[in-house]
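Shown next, in structure tokens, is the structure this report addresses.
In this chain, numbering begins with 1 at the start of the sequence shown.
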Amino acid sequence: MDPFSIKLLEELEQMQQQTGRILRSMSLPRMMPMEAEGWQPAVDIYESETSVYVYAELAGVVNDSLRVTVDGKRLAISGLRHLPPQPSIACIHQLEIELGTFRRTLNLPSLVEVERVESTYANGILIVSLTKRIRRGKVQIQITPGE
């Protein structure tokens, strides 16, 4: 392939990546006004036969500030992110990193066992593993004769 075609393909790939980032940041829940809740982290939700997995992108969030609560059908994640101060800054050219407190509440695709929730936080990613509640079918109840 000639150098011009290679450069054109590279530019198109960069545009595709940037467009994907823009579309992800414009998801409806993240665009809604959030008076006291601050910013909302990006979240992925996966489901297996027995579990629901939630991945939250939380780079720079202090582990001690993280809170995860579950009520069976909803999951809430909250915390705080701040950057270390840079006293020698004279001019700001670009600001994209959202700072301060955040809260993200999610509707889960299945009911879950709240007693069996596990979470880990490493390398800026919070992973919450939720075991699905087992649906019980109809049960035949045996009737014993009384006296």
**OP:** Determine, stepwise, if the pair Leu99 / Leu83 fulfils side chain to side chain contact (heavy atoms under 4.5 Å, CB included).
**Re:** CA-CA 8 Å; Leu99 302 174; Leu83 297 178; 3.6 Å; yes
**OP:** Take Thr105 and Leu75 through the side chain to side chain contact (heavy atoms under 4.5 Å, CB included) test and state the conclusion after the steps.
**Re:** CA-CA 6 Å; Thr105 303; Leu75 170 74; over 6 Å; no
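Two residues are said to be in side-chain contact when any heavy atoms from C-beta on lie closer than 4.5 Å; His82 and Val62 meet this criterion. Under the 4.5 Å side-chain criterion, counting only non-hydrogen atoms from C-beta, Ile127 is not in contact with Ser119. Contact of the Glu47 side chain with the Ser110 side chain is registered, since non-hydrogen atoms from C-beta on lie closer than 4.5 Å. Side-chain atoms of Leu126 and Tyr55, non-hydrogen and from C-beta on, never get closer than 4.5 Å to each other. With a 4.5 Å cut-off on side-chain heavy atoms, Thr101 and Ser78 do not count as touching.
Leu95 and Ile89 fall within the same hydrophobic cluster, where Ile, Leu, Val, Met, Phe, Trp and Tyr residues are linked whenever their side-chain heavy atoms come under 4.5 Å apart, directly or through other members. The hydrophobic cluster containing Leu80 does not contain Val128, counting ILVMFWY residues as joined when their side-chain heavy atoms lie under 4.5 angstrom apart, directly or transitively. Both Val43 and Val68 are members of a single hydrophobic cluster when ILVMFWY side chains are connected at heavy-atom separations under 4.5 Å.
Between Phe102 and Trp39, the two ring planes are tilted [angle within 30° to 60°].
Put simply, CG on Leu9 and CD on Glu13 are 8.5 Å apart, with the number rounded to the nearest 0.5 Å. The line from CD1 of Ile125 to CG of Asp44 is 8.5 Å long, rounded to the nearest 0.5 Å. Rounding to the nearest 0.5 Å gives a distance of 10.5 Å between CG of Leu58 and CZ of Arg104. If you take CG on Leu106 and CD on Gln40, they are separated by 8.5 Å, rounding to the nearest 0.5 Å. Note that CZ of Arg116 is 11.0 Å distant from CG of Leu130, once rounded to the nearest 0.5 Å. One distance of note links CD1 of Ile45 with OH of Tyr53; it measures 14.0 Å at 0.5 Å rounding.
Taking each heavy atom of Thr131 and Ser51 in turn, the nearest pair found is CA-OG, 4.2 Å. Summarising the geometry of Ser65 relative to Val61, their closest heavy-atom pair is OG-CG1, 3.6 Å, with the distance given to 0.1 Å. The two residues Asp71 and Val114 make their nearest non-hydrogen contact at C-CG1, 3.9 Å. Nearest approach of Arg81 to Ala59, heavy atoms of both residues: NH1-O, 2.7 Å.
For Gln94, the side chain to side chain donor-acceptor pair (under 3.5 Å) test picks out Glu96, with sequence neighbours left out.
In this structure, the side chain of Lys132 engages the main chain of Ser48 through a donor-acceptor pair within 3.5 Å.
No more than 12 heavy-atom neighbours from other residues, nucleotides or ligands sit within 6.0 angstrom of NZ on Lys7.
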